[in-house]
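Numbers for residues simply follow the sequence, beginning at 1. Everything numeric in this text was worked out from a predicted model, so none of it was measured.
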Amino acid sequence: MFTIDRFAKTVGVAPGDYDALHQFSVDEPDRFWGAVWDFFDLGERTGPVLASRTMPGAQWFPEVHLNYVNRVMRWSSLPGDAIVGVSDDGNRVAIPWSELPARVSATAELLRENGVGVGDTVAAYLPDEPFAVIAFLATASLGAIWSGCGQDYAPEGAASRLAQLKPKVLFASDGYHFGDKQVDKRADTAELAGLLDIPFSHVITELPEPTNDTPALAPVQVPFDHPLWVLFSSGTTGKPKGIVHGHGGIVVEHVKVLGLHNEIGPGDVFFWHTALSWMMWNFQVAGLLMGATIVTFSGHPLAPDADRLWQICDDNEVTFFGTSPGQLQASRKAGLEPGRDHDLSLRAIGSTGSPLAPDLFTWVDEHVAAGLPVSSTSGGTDVCSAFCGGTPSVPYVPGELTVRYLGCALESWAPDRTPLIGEVGEMVITEPMPSMPISFWNDPDDAKYRAAYFDHEWADGVAPNAWRHGDWLEVTDRGSVIIHGRSDATLNRNGIRMGSADIYEVVEAIPDVAEAVVVGVDGPNATYWMPMFLTLIPGVSLTYELVRTIRDSVRVRLSPRHVPDEVIEAPGIPHTRTGKKLEVPVTAMLAGRQVSIDAKSVDNPDLLAWYQRVGDQHAW
């Protein structure tokens, strides 16, 4: 019997009746989340589960104190490894469960020596490696607040996020191997420390080894909604916004998804190819909450060839492999036969970052393992989890996300707020979830928080208590979900959310560029097109040298992921009358959708036809 079916029995729902279980979970969220707490034995709890259902501001488990790290350390008596680190220099680092408490405690003591305590912030500029996991756990154990950024970001791009937090300490790596290249990050780390105003003595590039004097790990008990970490929005409308999640909300959400929907537990080996700048890194670390071994990887996913991640799965006996449509597509195009050429231990594959095309489900079935469950998921940095995806008790349909996840009251709305079935509408969440942000950073009156999700105009005005996420989706009559792309202007390349504002800051500083607009367009078969449109100053033409300057500037000051696929000279950039670039309508037109827009709201409505033609002429 699946874990989710055993859970269903505890709440009086017949095993195998997923629809009934989901309905219970959204109709009675206090009973559901209390049952999750009890089923996974998360500790003693007193008081109400849900003191207020109002969004934003729902009050979860208001009398409970806990620490994320306690849940991890309950598994420290397990045999085997807690964390395995793989890198492109050929080294493999393994940290046994038995060593984990002492290693975390030693690093926590170092943080204390640097003045870090409850409520202080700690920044990380690191690749995906065991170092990062230990540093995070040490930070969380003190009740301090973690925030990480991958070293693929240039110092300026990292500082636009981390500097907002005024961190006391910076964890950083001297560098890492990427394919056959050694990437030296010492100069970038020094520059970032300066931008963060952190003295060199508070930059930690090597973790301490535990000794006989290392005290026993004793995580600080904090309120349920005490900040655990700060993730960052993409920066579409300006400086990236810090999204704050709490210890308790993350623990109950992650054990729900990993335990009920992914069947992950002791004995599993959990590997999701990710980076610190992406919420999937935080989700991967949550494998430790379930007693699973997690695998980190800091190298090139396609070097020396497209087989790289499959080899990691083979070498480390991975049981749950998380990847992206792009990696699966690259595997197919390379003619790989992972099931034939490797001794795989996989019992499930997860995919996120963009919708997984139906033919890639089929490819996995034919070339990896017949009948292997494939969980295509969709979620967000906003909740550091998934709203919908696969679940073991419900068969998947290729091209669809199998179910709306338990506790997630997801609907597709028409403009008049009518729930839609079998039609495309706006994705909304109508009930609170514990892992929704407890706040945005430096947003004392919740103005930014409300503007991001709740202050949206529908046909009859603002809808209170409805979270509008920014996706176009369809809920089918089977209860599955089909994602049709973003309805806002967030760039989302292979699951990495990026902000157009970051790119504008770099490109529009180039003397020959007058203005730019960049959008991301979801295409057929999991393709993604990220063109940049430019207007230039008078007398300047778009030359090869200028395009190279633009690409190099974006790559150096932000990251290679921010570099557009095409740079196109445009007759103009359309704006609202108040001067806001029309990114969302332009995205829709380039995707081939018909857009209804009031021409009076556009400063130069004649431009819209030009963008429509570009979209019509684009060859996918």
Does [X] have its ring centroid less than 6.0 Å away from the ring centroid of [Y]?
X    : Y    : answer
W229 : F136 : yes
F224 : H65  : no
W310 : F321 : yes
W37  : F61  : yes

Problem - Of all pairs that satisfy salt bridge (Lys or Arg N to Asp or Glu O under 4.0 Å), the ones with a partner from residues 430-442, not counting sequence neighbours - result: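 Non-adjacent pairs meeting salt bridge (Lys or Arg N to Asp or Glu O under 4.0 Å): R53-E431.
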What class does the angle between the rings of [X] and [Y] fall in, given that below 30° is parallel, 30 to 60° is tilted and above 60° is perpendicular?
X    : Y    : answer
Y449 : F440 : parallel
W146 : F171 : tilted
Y18  : H22  : parallel

Side chain to side chain, [X] and [Y], heavy atoms closer than 4.5 Å:
X    : Y    : result
V257 : L260 : no
I198 : K168 : no
Y453 : I429 : no
P227 : I145 : yes

Handout entry: Any side-chain donor near an acceptor of the partner, D315 and Q311, under 3.5 Å
Key =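 There is such a pair (donor and acceptor under 3.5 Å, judged by atom type) between the side chains of D315 and Q311.
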Exercise for the section: Consider only side-chain N and O atoms of D213 and T211, and report whether a donor and an acceptor are under 3.5 Å apart. Expected result: no
Problem - Single hit among F39, F40, F24 for ring pair (Phe, Tyr, Trp, His ring centres under 6.0 Å) with F7 - result: F39
Can [X] and [Y] be counted as an ion pair, charged N to O under 4.0 angstrom?
X    : Y    : value
E411 : R404 : no
D41  : R74  : yes
R450 : D445 : no

Which atom pairs, donor and acceptor, lie under 3.5 Å between side-chain atoms of residues 384-392 and protein residues at least two apart or in another chain?
residue : atom : partner : partner atom : Å
S385    : OG   : E253    : OE2          : 2.6
T391    : OG1  : H261    : ND1          : 2.8

Exercise for the section: Examine distances only and state if a side-chain atom of S480 and a backbone atom of E400 form a donor-acceptor pair shorter than 3.5 Å. Expected result: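 It does not hold such a pair.
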Exercise for the section: Return the set of residues passing side-chain hydrogen bond (donor to acceptor under 3.5 Å, both in side chains) with T319 (not counting sequence neighbours), or none when no residue passes. Expected result: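 Per chain and number, T319 pairs via side-chain hydrogen bond (donor to acceptor under 3.5 Å, both in side chains) with D268.
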